[in-house]
There are 2 protein chains.
Amino acid sequence: MGLTKSEIFTKEQNQIALIAKVLGHPARIAILDYLIRLKSCVCGDLVKQIGLAQPTISQHLKELKKVGIIKGTIEGTSVCYCINQENWDTIKSMLNKFLNKNTTDNCC
Amino acid sequence: MGLTKSEIFTKEQNQIALIAKVLGHPARIAILDYLIRLKSCVCGDLVKQIGLAQPTISQHLKELKKVGIIKGTIEGTSVCYCINQENWDTIKSMLNKFLNKNTTDNCC
DNA sequence: TCTATTTATTGCAATATTACGATAAAAGGA
DNA sequence: TCCTTTTATCGTAATATTGCAATAAATAGA
């Protein structure tokens, strides 16, 4: 069916999975890596930097924007994309909360 | 095409994306949530706990096992699945390294 | 206004993912 | 040995994702 049964999971589980899913592509990790290193950025640079076609990059940027990790502000003919620091911090603490649930040893 | 161009990204970017991808499904997050809470677990319990069909759970367990987050030891007729603590720690530190790259404010 | 530049959208092909019924495989107990 | 229990695998349908060519949309400058 290819259709995730979101309704049987908790809100938190769905949120974490949604974020992880967006981070689950090397192009999007590469885009974030690049944005994190810079203070600002335009899509044109990303096309050269990442090495995928412009529509593909645009699509990945859309995904990242959808969950609020990045934001784009129109700057003349081009668009300045950057990390949405506030949201990114929220997302990071959500992920950290999940990652730090497990502290002690398990069985086996 | 549906085919990720892994070859144009760094090893680290691919690794992070691969792990994030596996974490990118609420069923797998729910499974990990459950395994983390317990000391051990059998798939039978998971089928009841999660609420997906047994083959579906088995498939998700396979995904988690593929990247080493969990391990399964045969225990009679059933299988004991648990967190692979050593690997999980490695994965957590990899993700944390990525999440903590960004510390200061960006532009815009 | 016309043109160049930059980014978004559309449409499509190829492949991947999700889910599950049916069935196999493996092991314990009657 | 036969049956039961438990988990894995196969096969398949429905949907999602990835990537890009073509094209649209928006704006700056000549």
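Sequence lines set the chain letters: A, B, ... in the order given, protein chains first and strands last, and positions in each chain run from 1. Below, all heavy atoms of this structure are taken into account, side chains as well, without hydrogens, waters or symmetry copies.
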Does a side-chain N or O of [X] approach OP1 or OP2 of [N] to a distance below 4.0 Å, or not?
{"X": "A/H60", "N": "D/dG19", "value": "yes"}
{"X": "A/Y81", "N": "C/dA8", "value": "yes"}
{"X": "B/T56", "N": "C/dC20", "value": "yes"}

Base D/dA8 to side chain B/Q59, donor-acceptor N/O within 3.5 Å cut-off: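 It does not, because no donor-acceptor pair links the side chain of B/Q59 to the base of D/dA8 below 3.5 Å.
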Working for side-chain contact (heavy atoms from CB on, under 4.5 Å), residues A/V42 and A/E75: CA-CA 9 Å; A/V42 287; A/E75 201 107 354; over 6 Å; no
Nearest listed nucleotide, side chain of B/T77, among D/dA22, C/dA26, D/dT18: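 Nucleotide nearest to B/T77's side chain: C/dA26.
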Residue A/P55, side-chain heavy atoms: nucleotide from D/dT6, C/dT6, D/dC20 that is nearest: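 So the side chain of A/P55 is nearest to D/dC20.
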Heavy atoms under 4.0 Å, any strand shown: does [X] hit a base, just sugar-phosphate, or nothing?
{"X": "A/S58", "answer": "base"}
{"X": "A/K21", "answer": "sugar-phosphate"}
{"X": "A/L52", "answer": "sugar-phosphate"}

Take the protein atom [atom1] of [X] and the nucleotide atom [atom2] of [N], then report the distance between them rounded to whole Å.
{"X": "B/I8", "N": "D/dG19", "atom1": "CD1", "atom2": "P", "result": "7 Å"}
{"X": "B/K5", "N": "D/dT18", "atom1": "NZ", "atom2": "C1'", "result": "10 Å"}
{"X": "A/D45", "N": "C/dT6", "atom1": "CG", "atom2": "P", "result": "10 Å"}
{"X": "A/H25", "N": "D/dG19", "atom1": "NE2", "atom2": "C1'", "result": "9 Å"}

Residue mapping more 5' on DNA chain D - nearest nucleotide basis, A/G76 or A/E63: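 The residue mapped nearer the 5' terminus is A/E63.
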A/I8 versus B/G51, closest heavy-atom pair with distance: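 Scanning both residues, the minimum pair turns out to be CD1-O, 3.7 Å.
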Spacing of CD belonging to B/E12 relative to NZ belonging to B/K97, to within rounding of 0.5 Å: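 Interatomic distance, B/E12 CD to B/K97 NZ, rounded to 0.5 Å: 4.5 Å.
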